[in-house]
Amino acid sequence: MWGRFRKAGGRVADVLRTEPKAEGDKRPHNLFEAAATYVTAGAEDDQERADEAAGWVSPEALSFGVNELACRAVIALARERGESPETVARELLGLPAA
């Protein structure tokens, strides 16, 4: 039984593992920092920076961070506009109202 916990814990650690920053900074990149850089680089059409940010964390961690960023952004816009998160998300994606 404990072997299963250790194995599952190892998988979680692998997903959340980060690479040290360049430029001599010993602090590793945070998965949310990687997601924010990746998304803003995409919005600014900076493929080189997006590729760099994608290398900071595992693909799974980056996906989780981007998803969390999207959720928080939709919620913030919905509150700002006084609309539901579903309405805002559909509008941002150019989908018809549900």
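Computed from a predicted model, the values in this text were never measured in an experiment.
Two residues are said to be in side-chain contact when any heavy atoms from C-beta on lie closer than 4.5 Å; E91 and R81 meet this criterion. Contact check for L69 versus Y38: no side-chain heavy atoms found under the 4.5 Å cut-off.
Atom CD of E44 sits in a crowded spot, with more than 12 heavy atoms from other residues, nucleotides or ligands closer than 6.0 Å.
Of all the heavy atoms in G65 and A35, the pair that sits closest is C-CB, 3.4 Å. Nearest heavy atoms, W56 versus E33: CZ3-O, 4.2 Å. The nearest pair of heavy atoms linking V74 to P85 is CG1-O, 3.4 Å. Residues A78 and V88 approach most closely at CA-CG2, 3.6 Å, considering heavy atoms. Of all non-hydrogen atoms in A50 and A41, the two that sit nearest each other are N-CB, 3.5 Å.
In the hydrophobic cluster analysis, where Ile, Leu, Val, Met, Phe, Trp and Tyr join through side-chain heavy atoms closer than 4.5 angstrom, V39 is grouped apart from L77. Both V57 and F32 are assigned to one and the same hydrophobic cluster, defined by single-linkage of ILVMFWY side chains at heavy-atom distances under 4.5 Å.
Atoms CD and CD1, on E80 and I75 in that order, are 14.0 Å from each other to the nearest 0.5 Å. To the nearest 0.5 Å, atoms OG1 (T87) and CG (L95) are separated by 11.5 Å. To the nearest 0.5 angstrom, S63 atom OG is 10.5 Å from L31 atom CG. Atom CG of L62 sits about 11.0 Å away from atom CG of N67, to the nearest 0.5 Å.
Side chain of T40 to backbone of A36: a donor-acceptor contact under 3.5 angstrom is found.
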Given E86 and R90, is the side-chain contact (heavy atoms from CB on, under 4.5 Å) satisfied, shown in steps?
-> CA-CA 6 Å; E86 182 178 8; R90 294 183 70 82; 3.9 Å; yes
